[in-house]
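Okay, so here's the structure we're looking at.
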Amino acid sequence: MKEAAQANGMGIKPLIRVLQGQREEIPPIWMMRQAGRYLPEYRQVREKAGGFLNLCFNPELAAEVTLQPVRRFGFDAAILFSDILIMPLALGRKVEFLAGEGPKLEPMGDADALKGMRDQADGDVFAPIYETVRRVKAQLDHKTALIGFCGAPWTVATYMVAGEATGDQAPARHFAYRDPEGFSRLIECLVRGSIDYLVGQLKAGAEVVQIFDTWAGVLPPEQFDRWCIQPTQKIVQGVRAQVPGAKIIGFPRGAGAMALPYAELTGVDGLGLDWMFPRSLARDILQPHVAVQGNVDPLALLAGGAALDREVDDVMTLADGPLIFNLGHGILPATPIEHVERMLKRVRGN
Ligand code: CP3
């Protein structure tokens, strides 16, 4: 019976079905940064853990905050609680999260700084994260999928080079123009580390992985191809060589006109759209090739009311094709919980 159910798609979780190219009557829904500061129960656990990184490396508490938004809202996916900047830590770089200021790393001004870095990621750093994945997986029901993730090499490199978020990521872009060979060594190192890390998460029980390229949009087309598309393509191929058929979502924020080549050349199953991406183009040009995910403006969710309703309805124009309902970037910490409830009600019609 169980096999028959799986053969006709009944036993497959809705998020996975959409990534196989099918359409769901009510799209599966989750939110980027769904485990986070807008939830009082998250703030409480972070306090108990004694800071953000301690929380990331505590499997019991990290599993708890991963599950909090799923319990509260009944999302169709849980996303592993961790951070993309675990990767530089595993490569032997210093990373700190200062409350209210965001991440701080030792900047890498030039290729000389690569000497102070491991060329193989330290598996001991990833071990507690895999343990979180196992614990979450054991607690999920039959319809909720578990998403693992990493930062794309370009985005992780922007933080490693500048040492912090800078807006236009000028330090990394400057490095890449000045010394493409040196920069390429950094990117290759991140490609290898990301393959290991994603394979580790998939083997621990993640059913989908998302590659966050938050800073893809600052790259002009030729650079976009070299530092965003090509490394992502290598990760997708490297992961699938070890986990055949692995389901992968790419989120090249700000890709604009490069979204279609990104989807076609990387081979991702799902394309995360930022809030700026025109939905008519997503429907006509992207959905024939790839499932799309997105793309409510996080500020419309913050505002709520009629502005939010209009935004939700506009995203739902994509529901005639394969759609994962999501935001166009992470939820903002000041977002009222009632606005999330309102959005869910409008999507699900209950
Ligand atoms: O709920 C989830 O989405 C899972 C956990 C998750 C976090 N970060 C937790 C987090 C995920 C998937 C990320 C990804 C991430 N981290 C990205 C890519 C996505 C994006 O939002 O652009 C980036 C660029 C980072 C790096 C990072 N981490 C920054 C720039 C910051 C500071 C800014 C901020 O939002 O505070 C973080 C901190 C961070 N990562 C927090 C959380 C919940 C806030 C830390 C806290 O609790 O104080």
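One-based numbering, in listed order, for ligands and for the atoms of each.
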May I ask you to identify the nearest protein heavy atom to [atom], giving residue, atom name and distance to one decimal place in Å?
atom: atom 43 (C) of ligand 1; result: Tyr42 OH, 3.6 Å
atom: atom 18 (C) of ligand 1; result: Thr214 OG1, 3.2 Å
atom: atom 5 (C) of ligand 1; result: Ser82 O, 3.5 Å
atom: atom 1 (O) of ligand 1; result: Ala35 N, 3.0 Å
atom: atom 38 (C) of ligand 1; result: Phe97 CE2, 3.7 Å
atom: atom 13 (C) of ligand 1; result: Arg33 NE, 3.4 Å
atom: atom 41 (C) of ligand 1; result: Phe52 CE1, 3.7 Å
atom: atom 14 (C) of ligand 1; result: Ile84 CG2, 3.7 Å

Heavy atom of [X], distance to ligand 1 below 4.0 Å:
X: Gly102; value: yes
X: His329; value: yes
X: Tyr159; value: yes
X: Leu80; value: yes

- Can you check whether Asp83 has an N/O within less than 3.5 Å of an N/O in ligand 1? yes

- Item | Close N or O approach (Phe149, ligand 1; < 3.5 Å) | no

So that I know where these two stand, are [X] and [Y] an aromatic pair - ring centroids less than 6.0 Å apart?
X: Trp227; Y: Phe183; result: yes
X: Tyr42; Y: Phe81; result: yes
X: Phe325; Y: Phe75; result: no

So that I can tick it off, tell me whether [Y] and [X] are bridged by a salt bridge, with the cut-off set at under 4.0 angstrom between side-chain N and carboxylate O.
X: Glu207; Y: Lys247; value: no
X: Arg17; Y: Glu24; value: yes
X: Glu188; Y: Arg185; value: no
X: Glu64; Y: Arg135; value: no

- Query: Backbone, side chain, both or neither: what part of Gln210 comes under 4.0 angstrom of ligand 1, heavy atoms only?
  - Reply: neither

- Query: Side chain, backbone, both or neither: which part of Arg253 comes within less than 4.0 Å of ligand 1 when only heavy atoms are counted?
  - Reply: neither

- Query: Are there protein heavy-atom neighbours of atom 33 (C) of ligand 1 below 4.0 Å?
  - Reply: no

- Message: On a heavy-atom basis, I'd like to know which of Arg46, Arg37, Glu101 is closest to atom 48 (O) of ligand 1.
- Response: Arg46

- Per-atom filter on ligand 1: closer than 4.0 angstrom to a heavy atom of Pro103 are 29 (C), 30 (C), 31 (C), 32 (C)

- Query: So, for Leu332 and Tyr38, which heavy atoms are closest and what is the spacing to 0.1 Å?
  - Reply: O-CB, 4.0 Å

- Query: Do you know the tightest heavy-atom contact between Leu265 and Gln233?
  - Reply: O-NE2, 3.0 Å

- So do Met160 and Arg93 actually touch side chain to side chain, heavy atoms under 4.5 Å? yes

- Message: Could you check whether any side-chain heavy atom of Thr66 comes within less than 4.5 Å of a side-chain heavy atom of Ile79, counting everything from C-beta outward?
- Response: no

- Query: Does Glu341 CD have over 12 foreign heavy atoms under 6.0 Å away?
  - Reply: yes

